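Written out below as structure tokens is the structure these notes cover.
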Amino acid sequence: MTQMPTATVHAPTAPRNLDELQHMLRGPVLGPDDAGYDEERHGFSLAAVHRPDLIVGAAGSADVQAAVAYADRHRIPVAVQATGHGAPSPAAGGLLITTRRMAGVTVDPERRTAWIEAGTQWQPVIEAAARHGLAPLSGSSPHVGAVSYTLGGGLGLLGRTFGYAADHVRRIHAVTADAQLREVTPESDPDLFWALCGGRANFGVVTRLEIGLVPVSRIYGGALYLDIDESPQVLRAWRDWTSSVPNEMTSSIALIPFPDVPSAPGPLRGRTVAHVRVAYVGGPSAGAELVESLRQQVGDVLIDTVREMDYTESGSICADPTDPQASTMVSAMISDVPDPALAAIEQTSRGRDSVPCILELRHLGGALSRRPPVPNAVGHRNAQYLLGAITPLGTIGADAAAVVHRRLLAGLDPWTVGRFLNYTAGANATADEVRAAYEPDDYRRLADLKALHDPTDLFRLNHHIAPAGHP
């Protein structure tokens with residue numbers, strides 16, 4: 001199967017008489033000629049910008065219901081966007097529902113749960129939970145949309161200790177293809193619950209989630225920045241170190257080419273830097289001992305930010321960018337990183353044909369390898385590492401970046417078990433790549449459930465799973 005036609009071919013034009021829809025909504029309805037259309041359709045990803053015929057800026061669940069009913073009535077495919085992180089192939093045509101206005105979080109400290117609205121980013125959730133000594137299983141960036149992140153699996157800073165964010169979902173409110181707002185639980189509809197937790201927007205528009213929180217208020221975490229030229233052994237040292245760390249330690253290493261420009265941090269300017277990120281929940285003394293054992297193997301450190309910190313500061317560990325970016329990304333979930341795999345990564349970062357490319361290895365295993373008590377569709381739990389490659393498109397074109405990515409993935413193929421859905425975006429969100437994010441039996445089950453819950457494939461401008469029986 002090749003790239004999905006629904007992601008690249010213009011869908012049927014939406015009717016322009018919008019009075020039928022607007023009078024039912026609290027949020028705006030925008031067409032391409034309307035003021036605010038461009039601002040509404042743009043998200044964090046500047047390389048995967050939707051160009052819909054119609055946008056509904058949903059202000060609540062009732063707006064989502066009205067938009068889905070309208071789309072079904074006029075046979076218009078639907079896309080959904082909160083903050084724009086992780087956008088699939090740009091939707092050309094169709095109806096885009098934006099949920100950024102639906103923001104809010106409510107914590108129940110007794111049950112250690114939180115309700116989060118569809119447009120909520122992680123930082124407000126982190127801060128609300130922290131007031132009760134709790135934390136969500138948020139990701140490296142506190143500015144990512146919490147709901148879409150969770151529905152795609154959710155690989156966070158505490159993953160090896162507590163598992164994927166999707167493993168901690170309790171209840172889901174979703175508008176399905178029949179425009180009904182449903183509360184979906186493992187008891188009320190175990191199949192749909194299973195599919196939503198891992199299947200993202202293929203089965204409905206999720207308006208809010210109830211998630212479990214964990215009893216974490218402080219962690220031992222931060223980053224080590226090292227010059228690759230001065231510490232060429234750092235990648236292998238980190239790989240060897242991860243083979244013996246306890247499950248309370250979650251870490252990653254990124255190879256980042258910092259430009260020689262005034263805006264880059266002084267010690268990092270013009271260098272290719274190894275950025276080691278750590279988050280440990282077993283106490284500061286044990287954490288310091290673990291990190292020190294790595295420091296002794298990697299040489300001089302340019303910047304060291306590792307310390308005990310409140311979890312509310314956890315976004316400083318990876319220091320992900322907050323401004324919108326134009327980039328392309330690929331991923332590989334891998335069983336191991338032997339020396340030949342490390343060589344393929346190093347060749348991409350610093351070889352003769354290298355391009356400005358950020359390569360990150362995340363250590364998996366631990367709780368991420370275990371099936372949760374309530375099953376979900378998150379796949380490839382046998383993977384021990386995740387490789388993500390992000391190439392900014394400011395200095396090279398998408399075609400050149402694709403060549404580099406194909407070469408990298410080919411070098412890792414002997415150890416690759418699949419893809420990670422939240423790292424599959426832009427032109428790389430093809431049918432084959434989406435399929436590769438799941439176990440084969442799980443993908444077939446998802447397709448069967450898609451045929452049951454969305455037989456007309458209304459929700460197809462996304463990380464698309466076609467209904468069973470569709471071409």
Side-chain angles (χ1 to χ4, degrees), residues 86 137 139-140 149-168 194 197-200 235-236 238-255 276-279 318 329-345 348 358-372 375-390 405-406 408-425 428-429 432-443 445-446 463:
L137 293 182
S140 59
Y149 161 96
T150 301
L151 297 177
L155 176 57
L157 294 169
L158 308 179
R160 282 177 42 81
T161 310
F162 298 106
Y164 288 100
D167 299 345
H168 295 259
W194 176 87
C197 294
R200 287 195 62 138
L235 200 58
R236 285 166 179 77
W238 176 83
R239 187 267 319 269
D240 295 343
W241 178 75
T242 61
S243 67
S244 60
V245 297
N247 292 349
E248 289 80 11
M249 175 65 79
T250 302
S251 69
S252 67
I253 184 170
L255 305 182
V276 180
R277 301 94 173 260
V278 300
C318 295
M329 169 182 266
V330 294
S331 71
M333 300 191 80
I334 50 184
S335 58
D336 197 6
V337 278
D339 286 348
L342 293 182
I345 295 170
T348 302
I358 300 169
L359 302 175
E360 182 191 34
L361 269 175
R362 295 196 178 203
H363 186 207
L364 306 180
L368 297 165
S369 297
R370 297 194 290 268
R371 294 284 179 181
N376 58 47
V378 179
H380 307 305
R381 292 177 183 263
N382 58 326
Q384 294 301 303
Y385 296 89
L386 169 63
L387 185 282
I390 304 175
H405 292 169
R406 283 196 297 269
L408 171 63
L409 295 179
L412 297 175
D413 187 64
W415 307 279
T416 298
V417 299
R419 304 284 183 248
F420 186 59
L421 194 68
N422 278 355
Y423 279 20
T424 303
N428 297 310
D432 286 342
E433 293 293 291
V434 171
R435 181 189 295 268
Y438 302 99
E439 307 288 349
D441 288 346
D442 286 349
Y443 187 85
R445 182 182 176 190
L446 287 166
H463 293 83

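Predicted model, so just to flag it, every value in this text is computed and none were measured.
Distance alone, capped at 3.5 Å, is enough to place a donor-acceptor pair between the His463 side chain and the Thr424 backbone. Between the side chain of His405 and the main chain of Val330, no donor-acceptor pair closer than 3.5 Å is present.
One distance of note links CD1 of Ile334 with CG of Asp413; it measures 11.5 Å at 0.5 Å rounding. The line from CE of Met333 to CG of Leu387 is 11.5 Å long, rounded to the nearest 0.5 Å. From Thr242, atom OG1 reaches atom CE of Met249 across 11.0 Å, with rounding to the nearest 0.5 Å. With rounding to the nearest 0.5 Å, the separation of CH2 in Trp238 from CG in Leu342 is 9.0 Å. With values rounded to the nearest 0.5 angstrom, Leu364 atom CG is found 11.0 Å from Arg381 atom CZ. Residue Arg160 holds its CZ atom at 7.5 Å from OG of Ser251, rounded to the nearest 0.5 Å.
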Derivation of the salt bridge (Lys or Arg N to Asp or Glu O under 4.0 Å) call for Asp442 and Arg435: CA-CA 10 Å; Asp442 286 349; Arg435 181 189 295 268; over 6 Å; no

Apply side-chain contact (heavy atoms from CB on, under 4.5 Å) to Val245 and His363, showing your working. CA-CA 10 Å; Val245 297; His363 186 207; 3.8 Å; yes

side-chain contact (heavy atoms from CB on, under 4.5 Å), that's the test. Do Arg277 and Ile253 meet it? Break it down for me. CA-CA 6 Å; Arg277 301 94 173 260; Ile253 184 170; over 6 Å; no

Could you go through Ile390 and Leu359, starting from their C-alpha distance and side-chain angles, then the distance that decides it, and tell me whether this counts as side-chain contact (heavy atoms from CB on, under 4.5 Å)? CA-CA 6 Å; Ile390 304 175; Leu359 302 175; over 6 Å; no

Working note: Leu409 + Thr416, criterion side-chain contact (heavy atoms from CB on, under 4.5 Å); need CA distance, chi angles, decisive distance, verdict. CA-CA 8 Å; Leu409 295 179; Thr416 298; 6.0 Å; no

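In this structure the side chain of Ser331 reaches within 4.5 angstrom of the side chain of Leu386, judged on heavy atoms. Residues Asn422 and Leu155 have side chains not in contact (no heavy-atom distance under 4.5 Å, counting atoms from C-beta outward). Between Leu255 and Ile358, every side-chain heavy-atom pair lies at or beyond the 4.5 Å cut-off. Put simply, the side chain of Tyr438 does not reach to within 4.5 Å of the side chain of Arg445, judged on heavy atoms. The closest side-chain heavy-atom distance from Pro372 to Tyr164 is not below 4.5 Å. Contact check for Leu137 versus Thr150: no side-chain heavy atoms found under the 4.5 Å cut-off.
In this structure, Phe162 and His168 have perpendicular ring planes: the angle between them is above 60°, well past the 30° mark.
Nearest approach of Arg236 to Ala343, heavy atoms of both residues: NH2-N, 4.5 Å. The heavy-atom pair separating Cys318 from Ser140 by the smallest distance is SG-CB, 3.5 Å. In this structure, Gly154 and Phe420 approach most closely via the heavy-atom pair N-CZ, 4.3 Å. Here the closest non-hydrogen pair linking Thr250 and Leu157 is CB-O, 3.2 Å. Contact detail for Gly379 and Glu439: the closest heavy-atom pair is C-OE2, 4.1 Å. When all heavy atoms are compared, the tightest approach of Thr161 to Asn247 is OG1-O, 2.8 Å.
Under the 4.0 Å criterion applied to side-chain N and carboxylate O atoms, Asp339 and Arg239 are assigned as salt-bridge partners.
Looking only at atom types and distance, the side chain of Tyr423 has a donor-acceptor partner in the side chain of Arg362 under 3.5 Å away. Side-chain contact check for Gln384 and Ser335: no donor-acceptor pair (N or O, by modelled atom type) lies under 3.5 Å.
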